[in-house]
Novice: 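This structure is in structure tokens; I'll ask about it shortly.
Ligands are counted one by one from 1 in listed order, and the atoms in each one are counted from 1 as well. Numbering of residues begins at 1 and proceeds along the displayed sequence.
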Amino acid sequence: MKNFKPIFFLLCFAGLMACESSRKQTPEAPPEETRKPNIVIIYMDDLGYGDVSAYGATELSTPNFDALANGGMKFTNGYASSATCTPSRFALLTGVYPWRNKDAKILPGTAPLLIDTAQATLPKMLRSQGYHTGIVGKWHLGLGTGQVDWNKQITPGPNEVGFDYSYIMAATQDRVPTVYIKNGYVDNLDPNDPIEINYDQNFEGQPTGKDNPELLKMKWHHGHNNSIVNGIPRIGFMKGGESAKWVDEDMADKFLEEAKSYVRAHKDEPFFLYYAMQQPHVPRTPHPRFAGTSGMGPRGDVIVEADWCVGEFVKTLEEEGLLENSLIIFTSDNGPVLNDGYYDDAVEKIGNHKPAGPLRGGKYSLFEAGTRVPFIVSWPGVIQPGTSGALVSQLDFFNSIASLTGSDEKAPDSENLMEVFLGESDKGRSNLVIEATTRTALRHGDWVLIPPFKGPSKNEQVNIETGTAPDYQLYNLQSDIGQQQNLAGANPEKLKELVQIFESIRGEDYGNIKQLELK
Ligand code: NG6
Ligand code: CA
């Protein structure tokens, strides 16, 4: 932080007024030394700990992810808050544990906005510090208040919780509506062909993945058998909106172009860009120029594609002279999965690749691979490259970035770890509660406690261990990163200590959560 403090003082003198007026009048850019750093979060969807060469992948090459890792701080104990998307995104933007919000579960495309418009958010906080704020990519935090008319302004959404600009997909690539939404309006919508969405029943006469397999270019394995868009069966039913439907193979290019344009449009003011990429979530649809490039089928190909996108994006920052003054965070919303509902060769062509690296479990799992993810912080002008084993979470972005940019706002579950993120300290969190499909566990030092839960020990559809067992599990990650040896019986003292810490954080809810059936 030492390099930044003088800048911060200057800024204090320049005053907030100057920042505010620069947002409205777009005067000349202030000299580089007095500029607050741009903040970029590149958020991958289902990218595993072992999917990046810098984290040990040998069968896949990810030179552009690696360049961020090798030029910045690479965290080996960095966590998403949850093993699925919506709760992790909620935590990332609010600094609040998702288990405090009972609705923070994987949302359908018709779900209402999950974040209260009165709630503090990372983009709101940055806006108050003089930043322009934008999101490009996957949202999946709900839109509207219940009944959305997709043909009118869709609100509240990202623009009502702190983003000045938004270009998003509503939920996931496998869920309807399969359209882009720009600042609350469906992009390219023909008013004569209105969109209708229903998650319960089909519209009369519309083909489905279930009934019309002859229309499919990608086959469904589980779920994903409702409306067909571009030959791909989806979750949910959709009618109309032909001109607005995205082309899956073009999605990566589309979001990249949007992210680049955002940077170019806001290069003269400090900006926060949340670039939420869709890869390698299903359906995996690489652009033809990446198809076959990984030798691992579409899952590998879209990772190669995403790596290229990151390279192009960083190049844009460089071309605009912004790279030295941009803090770039690269991470993922949850761990990896191979078969997440389509037959796409992910299982068949995996070869020796290990998407979870040495970790146990995967997406949906309370074992490490559910939430421990690639986690890189780069700031070329400031951070000395290095690797850190400090315990850090995406929850911590809120307080850390607040302190960096001069805000005294704090979010309830966020810790100010800016010195850790900048490589100036290795003192991370003492405790972190992780979450998988509403069940929670505790990381404390090198130890992990998984309390007893009802429910199957394996999610058979995706072929991933859930981490669920009827008895306490206690693992020492220092000596047993693969969580093979349950030490609960052999180490009752440690078990007791962790149970106490866990229950003190989780509070009374824990008793209910403990009894929940696996969803
Ligand atoms: C699940 C979907 C899965 C994926 C996931 C959300 C089925 C059977 N499975 O319900 O394919 O869409 O939701 O993934 O429908 S996430 O990364 O956005 O959390
Ligand atoms: Ca995800």
Novice: Taking the cut-offs as 6.0 angstrom to the six-membered ring centre and 45 degrees off its axis, would you call R234 and W220 a cation-pi pair?
Specialist: no
Novice: Among all protein heavy atoms, pick out the one at the shortest distance from atom 17 (O) of ligand 1; state its residue, atom name and that distance to 0.1 Å.
Specialist: K363 NZ, 2.9 Å
Novice: Checking a contact table here: which protein heavy atom is nearest atom 8 (C) of ligand 1, and how many Å away?
Specialist: H222 CD2, 3.4 Å
Novice: Of R175, R89, H140, which has the heavy atom at the shortest distance from atom 10 (O) of ligand 1?
Specialist: R175
Novice: Taking atom types as modelled and ignoring hydrogens, do the side chains of D45 and Q279 form a donor-acceptor contact shorter than 3.5 angstrom?
Specialist: no
Novice: Does the side chain of R429 come under 3.5 Å of the side chain of S393 through a donor N or O and an acceptor N or O?
Specialist: no
Novice: Looking at ligand 1, is there an atom of it that comes within less than 4.0 Å of some heavy atom belonging to G341?
Specialist: no
Novice: Using only N, O or S atoms, tell me which atom of D333 is closest to the Ca ion (ligand 2).
Specialist: OD2
Novice: Output the list of atoms in ligand 1 that are nearer than 4.0 Å to some heavy atom of D174, sorted by atom number.
Specialist: 3 (C), 4 (C), 11 (O), 12 (O)
Novice: Checking the N or O distance criterion of under 3.5 Å, is ligand 1 in contact with T172?
Specialist: no
Novice: So, N334 and the Ca ion (ligand 2): N/O/S under 3.0 Å, yes or no?
Specialist: yes
Novice: So which heavy atom in the protein is nearest atom 11 (O) of ligand 1, and how far is it from that ligand atom?
Specialist: D340 O, 2.8 Å
Novice: Ligand 1 versus I106, non-hydrogen atoms closer than 4.0 Å: side chain, backbone, both, neither?
Specialist: side chain
Novice: With a 4.5 Å limit on heavy-atom distance, are the side chains of F203 and N198 in contact?
Specialist: yes
Novice: Among the N/O/S atoms of D45, which is closest to the Ca ion (ligand 2)? Give the atom name.
Specialist: OD1
Novice: What do we get for K138 next to ligand 1 when only non-hydrogen atoms under 4.0 Å count, side chain, backbone, both or neither?
Specialist: side chain
Novice: I'd like to check which ligand 1 atoms, numbered from 1 as shown, lie under 4.0 Å from a non-hydrogen atom of T84.
Specialist: 19 (O)
Novice: For atom 7 (C) of ligand 1, find the nearest protein heavy atom and state the residue, atom name and distance (0.1 Å precision).
Specialist: H224 CE1, 3.7 Å
Novice: Classify the angle between the aromatic ring planes of F75 and F421 as parallel (below 30°), tilted (30 to 60°) or perpendicular (above 60°).
Specialist: perpendicular
Novice: Please check if the number of heavy atoms outside K219 that lie under 6.0 Å from its NZ is greater than 12.
Specialist: yes
Novice: Side chains of Y275 and E258: is there a donor and an acceptor less than 3.5 Å apart?
Specialist: no
Novice: So which of the N, O or S atoms of D46 lies nearest the Ca ion (ligand 2)?
Specialist: OD1
Novice: Using a strict cut-off of 4.0 Å, indicate which atoms of ligand 1 neighbour a heavy atom of D45.
Specialist: 17 (O)
Novice: Starting from atom 15 (O) of ligand 1, which protein heavy atom do you reach first, and at what distance in Å?
Specialist: I235 CD1, 3.3 Å
Novice: Is Y342 close enough to touch ligand 1? Criterion: a residue heavy atom under 4.0 Å from a ligand atom.
Specialist: no
Novice: For the rings on Y55 and F330, is their centre-to-centre separation under 6.0 Å?
Specialist: no
Novice: I'd like to check which ligand 1 atoms, numbered from 1 as shown, lie under 4.0 Å from a non-hydrogen atom of N334.
Specialist: 17 (O)
Novice: Less than 6.0 Å separating the ring centroids of Y167 and Y180?
Specialist: yes
Novice: For H221 and Y343, I'd like to know if the aromatic rings sit close, meaning centre-to-centre distance below 6.0 Å.
Specialist: yes
Novice: Is the terminal nitrogen or CZ of R89 (NZ for Lys, CZ for Arg) located under 6.0 angstrom from the six-membered ring centre of W139 and within 45° of that ring's axis?
Specialist: no
Novice: Pairing donors with acceptors under 3.5 angstrom, does anything connect the side chains of T208 and N226?
Specialist: no
Novice: Suppose we measure from atom 5 (C) of ligand 1 to each protein heavy atom; which comes out shortest, and what is that distance?
Specialist: Y364 OH, 3.5 Å
Novice: Would you give the length of the straight line joining atom OG1 of T155 to atom CG of N183, rounded to the nearest 0.5 angstrom?
Specialist: 11.0 Å
Novice: Quick test: of every protein heavy atom, which one is nearest to atom 16 (S) of ligand 1, and how far off is it to 0.1 Å?
Specialist: C85 CB, 3.2 Å
